Amino acid sequence: MSKIRAKKTDSSFFQDVYAVVRLIPFGRVTTYGAIAEYLGTRLSARMVGWALNCSHTQPNIPAHRVVNRKGMLTGKHFFATPTQMQELLEAEGIKIINDQVQNFEQVFWNPSKELEL
DNA sequence: CCCCTGACGACGC
DNA sequence: AGCGTCGCCAGGG
């Protein structure tokens, strides 16, 4: 699959983030940095997380599949309940201990690698 | 129009 | 190896 949008132009780059997040396969997770890198804003992973913060306005955004580069569920506090993010991930077969994704490398999904491969 | 904030990441100490 | 700071960009007050 080709790049969603090589560069942010007319619309907000938020749309790009949403598009990538929607592409995350079931049972997989990715990182803010990976998405940021894919969008070309490698140095600004914060924007990705921020975009996800606004993702609650967009339907069908599996934001629970996005964690930081350590595999930590930093955004769980932004869900309806602090445990919802973990619940959703565990429902996909992802083991989480102490807000840390187990076998993170195994479930990690890199858009730059998977989408361009 | 200026200032602050924000779900991160890399480097420095 | 753990904690602290800076950089980064965009949106909101």
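Labels below follow one simple rule: chain letters A, B, ... track the order of the sequence lines, proteins then strands, and each chain is numbered from 1. Remember, it's a predicted structure, so these values are computed and weren't measured experimentally.
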>> Show, in sequence, the C-alpha distance, side-chain angles and deciding distance for A/Trp109 and A/Leu115, and conclude whether the side-chain contact (heavy atoms from CB on, under 4.5 Å) test is met.
In response: CA-CA 10 Å; A/Trp109 180 80; A/Leu115 295 179; 4.0 Å; yes
> Taking it one step at a time, do A/Asn110 and A/Tyr38 satisfy side-chain contact (heavy atoms from CB on, under 4.5 Å)?
Replying inline: CA-CA 9 Å; A/Asn110 190 331; A/Tyr38 178 75; 6.0 Å; no
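The salt bridge (charged side-chain N to carboxylate O under 4.0 Å, His left out) analysis of residues 42-62 of chain A, with sequence neighbours excluded, yields no pairs. Residue pairs meeting the salt bridge (charged side-chain N to carboxylate O under 4.0 Å, His left out) criterion with at least one member in residues 81-104 of chain A, sequence neighbours excluded: A/Arg65-A/Glu92, A/Lys76-A/Asp99.
Shown here are the side chain to side chain contact (heavy atoms under 4.5 Å, CB included) partners of A/Phe104, two or more places apart in sequence or in another chain: A/Val29, A/Thr31, A/Val67, A/Val101, A/Phe108. For A/Ala63, the side chain to side chain contact (heavy atoms under 4.5 Å, CB included) partners are A/Leu52, A/Ser55, A/Ile61, A/Phe79, not counting sequence neighbours.
Atom pair A/Tyr38:OH and B/dG9:P shows a separation of 19 Å (rounding to whole Å applied). C/dC8 atom P lies 20 Å from atom CZ of A/Arg69, rounded to whole Å. The separation between A/Asn68 atom CG and B/dA10 atom P is 10 Å, rounded to whole Å. At whole-Å resolution of the value, NZ in A/Lys70 and P in C/dA1 are 15 Å apart.
Atom NE2 of A/His77 is surrounded by 12 or fewer heavy atoms from other residues, nucleotides or ligands within 6.0 Å.
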> Where does DNA chain B pair, written as one dot-bracket string 5' to 3', with Watson-Crick or G-U pairs under 3.5 Å, ( ) inside the strand, [ ] for crossing pairs and | for another strand?
Replying inline: .|||||.||||||
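Minimum interatomic distance between A/Asn60 and A/Arg22 (heavy atoms only, all atoms of both residues): O-CG, 3.2 Å.
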Extract from the structure each pairing of a protein N or O with an N or O of nucleotides 3-7 of chain B at less than 3.5 Å, listing the distance.
residue	atom	partner	partner atom	Å
B/dG6	O6	A/Arg46	NH1	3.4
B/dA7	N7	A/Gly49	O	3.2
B/dA7	N7	A/Asn53	N	3.1
B/dA7	N6	A/Leu52	O	2.8
B/dA7	N3	A/Tyr32	OH	3.0

